[in-house]
Structures are given as structure tokens and as C-alpha cells.
Amino acid sequence: MKVLSLFDGMSCGQIALKRLGIRTETYYASEIDRHAIRQTQLNFPDTIQLGDVTQVDVRQLEPIDLLIGGSPCQSFSFAGKRAGMSTIDKEEIYTLKRYLELKREGFLFEGESYLFWEYMRILTDIRMYNPDVLFLLENVEMGKKWERVLSEAIGIFGVHINSALVSAQNRARIYWTNIRTKKVGLFGELHADIPQPQDRKIFLRHIVEEEADKKYYLSEKMMGWLKRHGEKRNTDMNVLGDNDKSHCLTATAQAKGNLTTNYVCMAMRGRETCLTSRRTEYGKRIRKAYEAGSIAELRKNIQQLEPRTDGKTNYLTSVQKDNLIWAGLAGCRPDRKGKTGTCSQNPLPFGEICMSCGRIRRLTPTECARLQTIPEWYQWKCSDTQQYRMLGNGWTVEVIVHIFSFLKDNIHINIAWQQA
């Protein structure tokens with residue numbers, strides 16, 4: 001099988017293929033980050049690097065059997081401005097034809113999410129000689145408008161899979177693929193027919209390291225700042241949860257000295273997020289406080305620690321404050337059933353975390369790799385910063401393994417599989 005991987009990063013696609021025992025005759029990778037390229041060549045030295053995706057010409061390559069890639073997502077993400085695909089003059093781009101026209105005329109584009117059209121350009125060129133080429137495209141959960149645009153362009157509606165099913169990370173993504181398909185509805189729209197992976201019941205407690213270097217813990221100075229910041233803005237650190245769901249599921253792990261530690265993942269969020277419409281009592285309380293004038297700070301200047309309630313982590317990004325761990329001692333945790341939390345010193349109002357009974361740290365690079373289900377054999381020779389960045393931009397390997405497991409259902413691929 002000959003594979004072309006666009007936006008290849010640290011080559012999670014190759015990791016997944018190896019995990020399944022699928023051999024590739026040729027693996028082309030389009031990537032521009034030198035650190036990611038170095039990592040790929042360290043682990044997969046036979047990879048043929050092609051450089052910038054905008055310069056890839058499939059006519060110069062061997063015939064491709066499988067095209068994969070995860071195009072940049074920042075302009076689609078609910079966490080961003082959701083500008084979608086547009087020029088810097090704000091013309092939105094809905095078709096490959098229009099994109100190519102704008103590209104030829106020298107227009108500049110907003111962000112990087114427009115590079116989806118480069119994926120489509122390359123897929124269209126491959127389809128000219130191989131109409132049955134298999135493909136996989138990954139991107140974030142996005143608004144229905146842009147999801148429809150991508151689906152209609154690629155010719156198939158994607159499947160939504162959350163990495164939480166196979167890892168300790170909450171990472172909802174859309175996967176467009178023709179590896180297995182079905183027709184749906186009166187008009188026979190083509191949909192990706194990848195079933196949901198079985199829930200492996202993996203939580204944060206399963207991936208945390210028993211000991212973490214002190215460099216990963218927030219300093220006393222930073223902890224003091226968080227406390228002062230909260231007091232000044234009249235805000236608390238709370239466990240957020242909808243009324244119709246269970247309360248915080250604490251994730252326990254054994255720490256040094258056989259002391260039980262409760263690990264809760266949290267993120268440092270801007271107040272903009274807190275003030276959006278939420279059906280949580282905490283969200284309503286914060287909005288009322290802001291509207292009443294008791295919080296006078298500009299929204300953009302306010303940061304808040306927001307713990308998760310499900311024992312998972314947030315999805316990995318290249319921003320480390322999106323995933324922090326509160327490690328609290330036994331006896332200091334939000335109550336799962338009652339109305340109050342417990343603390344070794346004093347009772348806590350429901351949902352509140354006692355800062356004095358625990359410490360906050362970043363996830364370690366090893367923990368981040370585990371969240372992305374990167375196998376132990378994958379070698380790392382880069383700084384922590386680059387490892388965080390690559391993992392945040394990468395794929396959850398076990399999700400890709402699940403999707404690729406259906407490759408054997410394709411007859412022409414099955415032959416290569418058996419020969420391998």
C-alpha cells in the first residue's frame with residue numbers, strides 16, 4: 001500500500017498502521033515543522049518527506065492507495081473565533097474551484113484552516129487516476145455550516161468519535177473516511193460507517209505518573225497569584241457539572257508513601273467562556289455576578305480554573321494551561337453524592353476544591369503521550385515544549401487504529417494485507 005499523509009506531524013498515521021501490522025510500500029509525508037519531521041525520521045526512517053502541502057504534486061509521486069491527514073482546525077474550533085475558511089478580506093470559501101481561483105489571483109487567507117482545500121486539491125488529483133482511492137480526514141467538532149461544507153466537498157458525511165472512549169482524554173473529533181461507508185436517507189447520502197469504539201473505561205487515574213518532577217508543579221508564587229486573583233474578582237475554583245448529570249467523579253491514584261491522592265483535571269479559562277450560556281448553577285451565578293457589577297474586570301483579563309467533572313482530561317492542545325492537574329490529599333474531594341465536599345480541615349461548599357490541601361501541576365510529557373495513546377516504543381528526542389506541541393496537534397492513535405482496522409474490508413487492500 002502506498003500512503004500519502006498530509007499535515008503528517010509526528011506521523012501518528014504511521015504509528016497506527018504499525019500498531020495493526022500493516023506494512024506500507026511507500027509512505028509520503030507532507031510536513032513543514034522541523035521538530036516533527038525529525039521525530040518522524042527517528043522512528044520511521046524510510047518516510048519520504050515532501051515539505052509544504054501547497055507544493056505537493058501527486059503527478060510526481062507513485063500512485064496513491066490511501067490519503068490521510070488532519071487539516072488545521074483553529075478557525076473551525078468552538079474555542080476559537082470560528083471564522084471558518086475565508087480570505088483576509090472576509091470572503092468565505094465554499095468550493096475548491098473558488099479556492100483555486102483565489103489562490104491563482106494571489107489572495108491571502110485567514111488562519112490556516114483554509115488548507116482543507118489543499119487536501120481536497122490533492123484528493124481530486126488522485127481521484128483522476130484512482131477513483132477508488134481510500135481517504136481519511138480528521139478535524140474538530142465545528143458548527144453545522146462548516147461541517148456541511150467539508151462534507152459536501154469531500155463527498156461523504158463524517159463520523160463523530162470522542163477519544164474518551166479509548167483514552168483518558170475528552171477529545172471529540174470528526175472523521176471523514178470511505179474506508180467503510182453506508183447510504184442514509186431518502187436521497188442516499190453517503191456517510192462514513194465506522195462504528196463507535198468500545199468504551200474502555202480509561203480515566204485520568206490510569207495514566208498519571210506516580211511521581212512527577214517538581215518542575216511540573218505550579219510555584220508557590222503562582223499559587224498565591226491564583227488565590228489573590230480569585231479573591232479580587234470574587235471568584236472560586238469550582239467543579240462544574242450539569243444538574244442532570246452525576247457530580248464529580250474523582251480519579252484516585254497511589255502517591256508516594258501509600259497516600260491516596262485525588263486527581264482532577266482543570267483548565268485556566270478566560271471569563272468569556274464562563275459568561276456564555278450554560279445550564280450549570282455555577283455558570284448562572286457567575287453571569288449574575290458580572291451583570292450585577294460585582295465583577296468589574298474586562299472579560300478578556302479574567303482567568304479562571306475550571307475543573308472537569310468526569311475523571312477525564314480536556315483535549316490536548318499546544319497550550320499547557322488547558323490541562324492542569326489538581327492533586328489533593330485523601331479526605332479532600334468534591335462529594336459524588338451529597339451536597340457538600342469534604343476536607344481534612346473544614347467542610348467545603350459543594351463543588352469547591354480546597355487549595356490548601358493539594359497542589360496543581362501540568363501534565364508531564366509522558367502523561368500527554370499516554371492520553372494520545374502513543375505506544376511506549378515511540379522514541380522521543382526533543383524538548384518538553386516540542387513534545388507538548390506535537391502531541392497537542394497529533395491524533396489519538398487508538399481512534400485511528402480503530403478506523404484503520406476496517407481497511408481489510410476493502411478487497412484490493414486485503415490482498416496487500418495478506419501478502420504483508
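Count residues from 1 along the sequence. Keep in mind the model is a prediction, meaning the values are calculated, not measured.
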Just by distance, do the side chain of Asn393 and the backbone of Arg389 share a donor-acceptor pair under 3.5 Å?
yes

Side-chain (Gln49) to main-chain (Gly51) donor-acceptor, under 3.5 angstrom
no

Between His402 and Leu165, is any pair of side-chain heavy atoms under 4.5 Å apart?
no

Under the criterion ring-ring contact (aromatic ring centres under 6.0 Å, His included), I'd like the reasoning laid out for Phe116 against Tyr99: C-alpha separation, chi angles, the key distance, then a yes or no.
CA-CA 10 Å; Phe116 161 76; Tyr99 167 72; 9.4 Å; no

ring-ring contact (aromatic ring centres under 6.0 Å, His included) filter on Tyr94, not counting sequence neighbours, yields Trp146

Could I get the full list of ring-ring contact (aromatic ring centres under 6.0 Å, His included) partners for Tyr27, not counting sequence neighbours?
none

Looking at Gln39 and Gln379, would you say the former's side chain and the latter's main chain have a donor-acceptor pair under 3.5 Å?
yes

Verify, without hydrogens or angle tests, whether Tyr114 (side chain) and Leu108 (backbone) share a donor-acceptor contact under 3.5 angstrom.
no

Gln169-Gln372 side chain donor-acceptor pair, cut-off 3.5 Å
yes

Indicate yes or no for a side-chain donor-acceptor contact from Asn178 to the backbone of Ile156 under 3.5 Å, with no hydrogens or angles considered.
no

My understanding is that only residues two or more places apart in sequence, or in another chain, count here; which of them pass side-chain contact (heavy atoms from CB on, under 4.5 Å) with Lys214?
none

Indicate yes or no for a side-chain donor-acceptor contact from Tyr378 to the backbone of Cys12 under 3.5 Å, with no hydrogens or angles considered.
no

When you compare the side chain of Leu42 with that of Trp380, does any pair of heavy atoms fall below 4.5 Å?
no

Just grab all the salt bridge (Lys or Arg N to Asp or Glu O under 4.0 Å) pairs involving residues 392-404, residues at least two apart or on different chains.
Arg19-Glu398, Arg200-Glu398

Would you check if Glu118 and Leu6 make a side-chain contact, meaning some heavy-atom pair closer than 4.5 Å?
no

In terms of heavy-atom contacts, does NZ of Lys381 have more than 12 from other residues, nucleotides or ligands at under 6.0 Å?
no

Distance-only criterion, 3.5 Å: show the donor-acceptor pairs between side-chain atoms of residues 186-196 and protein atoms not counting sequence neighbours.
from: Glu189; atom 1: OE2; to: Arg148; atom 2: NH2; distance (Å): 3.2
from: Asp193; atom 1: OD2; to: Arg180; atom 2: NE; distance (Å): 3.3
from: Gln196; atom 1: NE2; to: His160; atom 2: O; distance (Å): 2.8

Under 3.5 Å: donor-acceptor pair, side chain of Ser71, backbone of Ser113:
no

Within the 4.5 Å heavy-atom criterion, are Arg173 and Val140 side-chain neighbours or not?
yes

To the nearest 0.5 angstrom, please state how far the OG1 atom of Thr364 sits from the CD atom of Glu209.
3.5 Å

Would you check if Ile161 and Pro197 make a side-chain contact, meaning some heavy-atom pair closer than 4.5 Å?
yes

Exam field: side chain Thr373 to backbone Val397, donor-acceptor pair closer than 3.5 Å
yes

When you measure from the centre of the six-membered ring of Trp377, is the NZ or CZ of Lys18 closer than 6.0 Å and no more than 45° off the axis?
yes

Pairwise side-chain contact, Ile93 with Phe107, heavy-atom cut-off 4.5 Å (strictly under)
no

Is there a donor in the side chain of Gln14 and an acceptor in the side chain of Thr47, or the other way round, less than 3.5 Å apart?
yes

So, are Glu367 and Arg370 salt-bridged, with charged N and O less than 4.0 Å apart?
no

If we only count heavy atoms from C-beta on, is the Ile15 to Ile374 side-chain gap below 4.5 Å?
yes

Sidechain-backbone polar pair: Ser163 side chain, Ser167 backbone, donor-acceptor under 3.5 Å:
no

Could you go through residues 52-59 and list every donor-acceptor pair under 3.5 Å that involves a side-chain atom there, pairing it with any protein atom two or more places apart or in another chain?
from: Asp52; atom 1: OD1; to: Thr54; atom 2: N; distance (Å): 3.0
from: Asp52; atom 1: OD1; to: Thr54; atom 2: OG1; distance (Å): 3.1
from: Asp52; atom 1: OD2; to: Thr54; atom 2: OG1; distance (Å): 3.0
from: Asp57; atom 1: OD1; to: Arg59; atom 2: N; distance (Å): 3.0
from: Asp57; atom 1: OD1; to: Arg59; atom 2: NE; distance (Å): 3.0
from: Asp57; atom 1: OD2; to: Arg59; atom 2: NE; distance (Å): 3.4
from: Asp57; atom 1: OD2; to: Arg59; atom 2: NH2; distance (Å): 3.1

Is it true that a side-chain atom of Glu138 and a backbone atom of Tyr175 form a donor plus acceptor pair closer than 3.5 Å?
no

Would you say the rings of Tyr119 and Phe135 are close, in the sense that their centroids are separated by under 6.0 Å?
no

